[in-house]
Enquirer: 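Following this message is one structure expressed as structure tokens.
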Amino acid sequence: MDMETAVAAGGAGLTGWQAAALSGAAGWVWAASYFDLTRRTRALAQPWVIRHVHAETPAILRFQRMQHRLLDNFFSVLSCVVSVPFYTGFLPLLFWSGHGKLARQMTLLMAFSDYLGNVVKDVVSAPRPCSPPVRRVTATQDEKEHAMEYGLPSSHALMTVCLMGYMLHYVLSNGACDSFMITAGLSVAFLQVLLIGIARVYLGMHSLTDVIAGICLGVVILAFWLVVDDHVDAFVVSGQNVTFFWACLSSLLCFAYPEPEFPTPSFEFHTAFTGVAFGIVYGVQQTYSRFHGPDAALILSQQLPLLAYVGRVLVGIPTILVVKSCSKALSKWLLPVMCSTLGVPIVSSCYVPALKAPGSSSSKSDPKQVGYLQKVFSLFPRKAYDVDTGIRFVQYAGLAWSVVDLVPVIFTYLNL
């Protein structure tokens, strides 16, 4: 009731706030390009970071002398806790357990922190510890992709701080907690962050400077989010023009992303998280009162016993993976056709073979289609846009939408 009252009271000025936010983001895109802010910032920060990473190499080598097969496996598994596959499974489980607000906030916070962390990575473009001589352990495909990114800050350290910090805040804010529970919660969160930091150095993925930078940036992001989380949630569940605003903001974030010194997968990770955030926002807007309100059945309650929750998981996980696959296939066919029709110049780095060669006619717009929209795109620094970004965005947005909209509808029909 308080949330609805607050939104109703602030709804009159919301459109102005949205316009100001989008204008500010667009202005930043222009200013960053015009004044070449990425290159200037990199020239200041990169040499300092590289010196520290190189200076720490002997210490990393001494630390890695304690290598053991059990430690390799333990730290590799531990690092999976903040990987993309982990969030693909963890966040849907939160939504289906009835903790809708926690799930929404965790999703948006992870997308926000991933974006800022990857922006800093690609602005600084500082390398990871040199391997060899440093031993780098990449036990999973996800770790191999992370190893292709730049080093500072450590995304694992940053995301762990945000994940553990916000979950601890949620538990302490929504339950009767004594001093022992508070101490235990803080201890577990601190231990998890510490172990992740040690793991990243032990596995040869980061220097101590990278880890410290990730922890510090994570603390700043978490502190900011704890101030705005209620306002963001009120906007998402019952604000004005939410879907349109979020779509525009997502597009501007793609344009605002800095160009790294050399290509890395960081932009792909950002696109996936941004797509997930948009899909969640859109889906919640459609179904909040039906499935995600304060009256939603909580796990282990009479309305949602453990057996029913297991049924939800067994039905829901395959469903969202099918939707993700279908969304990818549909967007691979539809987006190139739309771009060609609108005259937007595109290429494809991997998803659409016909658009891979930059010099081929497929990567250029049809001269007959040149019009206002192409003139608008010509104002931006890039001559052609990677359609894979849109495909990746759509497939993860489709996955997230199915988590909060399609799958709960299936639960209703199956009485789960």
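Count residues from 1 along the sequence. What you see below is based on every heavy atom in this structure, not just the backbone, and it leaves out hydrogens, waters and symmetry mates.
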Enquirer: In terms of the angle between their ring planes, are H99 and Y170 parallel, tilted or perpendicular, with boundaries placed at 30° and 60°?
Expert: perpendicular
Enquirer: Does M164 reach the side chain of I196, with side-chain heavy atoms less than 4.5 Å apart?
Expert: no
Enquirer: Heavy atoms, side chains only, cut-off 4.5 Å: are R104 and V237 in contact?
Expert: yes
Enquirer: Give the C-alpha distance, both sets of side-chain angles, the deciding distance and a yes or no for side chain to side chain contact (heavy atoms under 4.5 Å, CB included) between V201 and S207.
Expert: CA-CA 6 Å; V201 176; S207 67; over 6 Å; no
Enquirer: What about Y115 and F273, are their ring centers closer than 6.0 Å?
Expert: no
Enquirer: Just checking, is any N or O donor in the side chain of D122 or N118 under 3.5 Å from an acceptor N or O on the other one?
Expert: no
Enquirer: Measure the shortest side-chain to side-chain distance between M159 and D114 over non-hydrogen atoms and say whether it is less than 4.5 angstrom.
Expert: yes
Enquirer: First locate atom CG of L203, then atom CG of L78, and finally report the distance between them rounded to the nearest 0.5 Å.
Expert: 9.0 Å
Enquirer: If you apply the rule side chain to side chain contact (heavy atoms under 4.5 Å, CB included), what do you find for W96 with V403, and how did you get there?
Expert: CA-CA 8 Å; W96 302 335; V403 168; 3.9 Å; yes
Enquirer: Keeping the roles fixed (side chain from T341, backbone from V337), state whether a donor-acceptor pair exists under 3.5 Å.
Expert: yes
Enquirer: Is there a donor-acceptor pair under 3.5 Å between the side chain of S250 and the backbone N or O of G275?
Expert: no
Enquirer: Taking atom types as modelled and ignoring hydrogens, do the side chains of Q192 and T160 form a donor-acceptor contact shorter than 3.5 angstrom?
Expert: no
Enquirer: Is R200 paired with D210 through a side-chain N to carboxylate O contact shorter than 4.0 Å?
Expert: no
Enquirer: Does any part of the side chain of T57, heavy atoms only, come nearer than 4.5 Å to the side chain of C130, both counted from C-beta?
Expert: no
Enquirer: For V236 and Y288: C-alpha separation, side-chain torsions, deciding distance, then whether side chain to side chain contact (heavy atoms under 4.5 Å, CB included) applies.
Expert: CA-CA 10 Å; V236 168; Y288 175 73; over 6 Å; no
Enquirer: Report yes if some heavy atom in the side chain of V404 is under 4.5 Å from a heavy atom in the side chain of H292; otherwise report no.
Expert: yes
Enquirer: When the side chains of residues 407-416 are checked against the rest of the protein, which donor-acceptor pairs come out under 3.5 Å, sequence neighbours left out?
Expert:
{"residue": "T412", "atom": "OG1", "partner": "P408", "partner atom": "O", "Å": "3.0"}

Enquirer: Please name the pair of heavy atoms, one in T389 and one in C254, separated by the smallest distance, quoted to 0.1 Å.
Expert: CG2-SG, 4.3 Å
Enquirer: Considering only heavy atoms from C-beta outward, does the side chain of V137 approach that of S76 to under 4.5 Å?
Expert: yes
Enquirer: Can you tell me how far the OG atom of S155 sits from the CG atom of L217, to the nearest 0.5 Å?
Expert: 9.5 Å
Enquirer: Does any non-hydrogen side-chain atom of F63 lie less than 4.5 Å from one of I198?
Expert: yes
Enquirer: Does one side chain, of Q18 or Q240, offer a donor that lies under 3.5 Å from an acceptor on the other?
Expert: no
Enquirer: Of all the heavy-atom pairs spanning M110 and C162, show the shortest one and how long it is.
Expert: CE-CB, 3.6 Å
Enquirer: Salt-bridged, D36 to R39, with N to O below 4.0 Å?
Expert: yes
Enquirer: Determine whether a donor-acceptor pair (N or O, by modelled atom type, separation under 3.5 Å) exists between the side chain of R42 and the backbone of V123.
Expert: yes
Enquirer: Name the orientation class of the two ring planes belonging to Y34 and W30 (parallel below 30°, tilted from 30 to 60°, perpendicular beyond 60°).
Expert: parallel
Enquirer: Rounded to the nearest 0.5 Å, what separation is found between the CZ atom of F74 and the NE2 atom of H68?
Expert: 14.0 Å
Enquirer: Are F262 and Y150 close enough, and set up right, to give a side chain to side chain contact (heavy atoms under 4.5 Å, CB included), and what steps lead you there?
Expert: CA-CA 9 Å; F262 299 102; Y150 288 110; 3.5 Å; yes
Enquirer: Decide if the gap between the ring center of W225 and the ring center of F112 is smaller than 6.0 angstrom.
Expert: yes
Enquirer: Could you tell me whether the side chain of Q285 and the main chain of V242 form a donor-acceptor pair under 3.5 Å?
Expert: no
Enquirer: Could you check whether H169 and Y166 have their ring centres less than 6.0 Å apart?
Expert: yes
Enquirer: Taking all atoms of both residues into account, what is the closest heavy-atom pair of F95 and G100, and its distance?
Expert: CE2-O, 4.1 Å
Enquirer: Decide whether a cation-pi geometry holds between R135 and Y202; the criteria are a distance under 6.0 Å from NZ or CZ to the six-membered ring centre and an angle within 45° of the ring axis.
Expert: yes
Enquirer: Do the ring planes of H52 and W48 sit parallel (below 30°), tilted (30 to 60°) or perpendicular (above 60°)?
Expert: tilted
Enquirer: Say you draw a straight line from CG of L61 to CD of E56; how long is it, rounded to the nearest 0.5 Å?
Expert: 12.0 Å
Enquirer: Given side chains that start at C-beta, do those of Y257 and L253 come closer than 4.5 Å, heavy atoms only?
Expert: no
Enquirer: To the nearest 0.5 angstrom, please state how far the CZ atom of R136 sits from the CD atom of Q64.
Expert: 9.5 Å
